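So the structure is just underneath, and the comments pick up after that.
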Amino acid sequence: MPEGLEAEIWRSEIETVVGRTVVDAWVDERVAPPGFVGLVVGARLEGVRRAGKIVLIDTDGPTIGLHFGMTGRVLVDGVSAIDRLQYSSSRDDAQWDRLRLFTDAAGMPAVRLNDPRRLGRVTLDPDVSALGVDIFAVTPARMRRALGERRQAIKTVLLDQAVVAGLGNMCADEVLWWAGIDPRRPACALDEPDVARLATAIRRRLPVMMRRGGSHRGTLSPMVRSTCPPCERDGYPLRRDTIGGRTAVWCPHHQR
DNA sequence: CGGCATGTTTCGCC
DNA sequence: AGGCGAAACATGCC
């Protein structure tokens with residue numbers, strides 16, 4: 001589930017608890033730095049930012065970093081903003097909680113990080129300086145500069161968080177589909193119109209997907225990814241390949 | 001049951 | 001040096 005789009009949705013949710021003070025906290029110590037609870041209890045939540053796929057909660061103490069891995073999600077005051085919007089078979093199981101921040105002594109957690117697969121992490125003052133251009137700040141010029149002369153497949157380069165911060169596997173396939181670019185092409189082989197179409201696809205499609213509920217809500221939905229039906233644009237059968245170790249779904253007819 | 005999964009990091013081999 | 005693939009992490013789901 002979690003790519004930059006989901007992180008942005010959760011960032012926005014967490015804004016509703018800014019101003020409160022953490023009166024108690026619990027964390028799964030396997031995914032957090034030593035001493036985490038002691039450092040955040042008593043802290044006042046002062047703001048919430050996002051850097052790529054990472055949510056950053058600023059306090060009058062340390063900044064709390066939320067990293068979601070493959071299956072992490074956030075619930076604010078007991079509600080998940082995303083699960084209401086999409087079919088989700090995953091249940092709300094407290095045994096998968098990795099972080100709970102309480103702002104009321106006797107209430108439910110204000111912020112919960114719930115992550116069955118436990119690939120997510122909770123960090124303090126995370127270093128985000130190596131991240132590339134954010135998904136919501138992409139322009140053709142920045143895209144060109146970010147891609148550089150890299151010879152790797154464009155799909156692989158798009159997933160590199162130091163190039164574009166916040167794109168995940170599903171969104172990368174989606175924007176390449178919209179831009180009509182073969183995911184296997186070397187990034188350095190893209191010409192100016194290619195880069196412009198790619199930047200435009202990121203700028204135009206990601207907000208649409210986010211309004212619909214996130215990375216699952218593109219043309220290349222999970223169902224489409226698993227069944228590879230005819231391409232919605234031209235009817236040619238979609239194809240599935242492994243590129244850079246990740247599954248890529250694409251249309252060999254219009255993506256060139 | 002076998003295989004796959006929205007992510008990241010590490011290790012070994014060119 | 002840098003690119004690349006495989007493995008590891010951990011567990012639910014089809």
Side-chain angles (χ1 to χ4, degrees), chain A residues 1-10 28-33 50-55 65-74 80-83 85-98 113-123 126-132 135 147-177 183-189 202 205-206 209-210 212-228 240-250:
Chain A
M1 185 193 299
E3 299 187 17
L5 294 186
E6 284 72 24
E8 177 57 27
I9 291 168
W10 292 322
D28 182 332
E29 292 179 356
R30 295 171 295 183
V31 304
R50 179 187 57 80
K53 301 175 184 174
I54 306 168
V55 167
L66 304 180
H67 311 245
F68 304 104
M70 296 276 254
T71 54
R73 63 189 184 131
V74 168
S80 165
I82 290 178
D83 293 352
L85 300 173
Q86 66 183 27
Y87 69 99
S88 171
S89 57
S90 63
R91 290 148 338 277
D92 175 14
D93 194 328
Q95 79 177 11
W96 297 323
D97 277 359
R98 305 302 169 200
L113 175 64
N114 185 268
D115 177 18
R117 218 168 131 184
R118 209 210 305 157
L119 294 176
R121 291 292 178 269
V122 177
T123 57
D127 178 10
V128 297
S129 61
L131 293 176
I135 43 173
L147 297 180
E149 292 304 307
R150 299 183 59 158
R151 297 180 198 187
Q152 290 168 289
I154 181 61
K155 150 108 179 174
T156 302
V157 175
L158 288 178
L159 288 177
D160 184 341
Q161 299 301 294
V163 176
V164 181
L167 273 189
N169 200 37
M170 306 185 79
C171 285
D173 283 355
E174 183 78 13
V175 298
L176 287 166
W177 186 90
R184 303 167 303 178
R185 284 178 65 192
C188 59
I202 289 171
R205 299 314 306 176
L206 295 193
M209 293 168 76
M210 192 169 74
R212 292 179 183 171
S215 310
H216 295 69
R217 294 311 193 90
T219 300
L220 304 180
S221 65
M223 180 64 76
V224 167
R225 296 181 69 83
S226 65
T227 63
C228 283
R240 187 163 45 217
D241 294 286
T242 297
I243 300 174
R246 308 298 301 278
T247 297
V249 175
W250 60 291

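Just so we're on the same page: letters track the sequence lines, and every chain starts at 1. This structure is a prediction, so every number in the text was calculated from the model and none was measured.
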Give one of base, sugar-phosphate or nothing for G245(A), where a contact means two heavy atoms less than 4.0 Å apart. nothing

Base, sugar-phosphate alone, or nothing: which one does T247(A) contact when heavy atoms must sit under 4.0 Å apart? sugar-phosphate

From the list [options], which nucleotide is the closest neighbour of the side chain of [X]?
| X | options | answer |
| --- | --- | --- |
| R246(A) | dG12(C), dG7(B), dA10(C) | dG7(B) |
| Q152(A) | dG7(B), dG12(C), dG3(C) | dG3(C) |
| K53(A) | dC4(C), dA10(C), dG7(B) | dG7(B) |
| M70(A) | dA5(B), dC4(C), dA10(C) | dA5(B) |

Is the backbone of [Y] close enough, under 3.5 Å, to the side chain of [X] for a donor and an acceptor to pair up by distance?
| X | Y | answer |
| --- | --- | --- |
| R98(A) | D115(A) | yes |
| Q161(A) | L167(A) | yes |
| E8(A) | R50(A) | no |

Can a donor-acceptor pair under 3.5 Å be found between the side-chain atoms of R117(A) and the base atoms of dA10(C)? yes

Roughly how far apart are R30(A) CZ and R118(A) CZ, rounded to 0.5 Å? 3.5 Å

Starting at [atom1] of [X] and ending at [atom2] of [N], how long is that distance when rounded to a whole Å?
| X | N | atom1 | atom2 | result |
| --- | --- | --- | --- | --- |
| M170(A) | dG7(B) | CE | P | 9 Å |
| H67(A) | dG7(B) | NE2 | C1' | 12 Å |
| R184(A) | dG3(C) | CZ | P | 21 Å |

With rounding to whole Å, what would you report as the distance between dG12(C) and dT9(B) at their P atoms? 24 Å

dA7(C) versus dG3(B) - spacing of their P atoms, nearest Å: 14 Å

Pair assignment for dA10(C), Watson-Crick or G-U wobble, requiring both distances under 3.5 Å: none

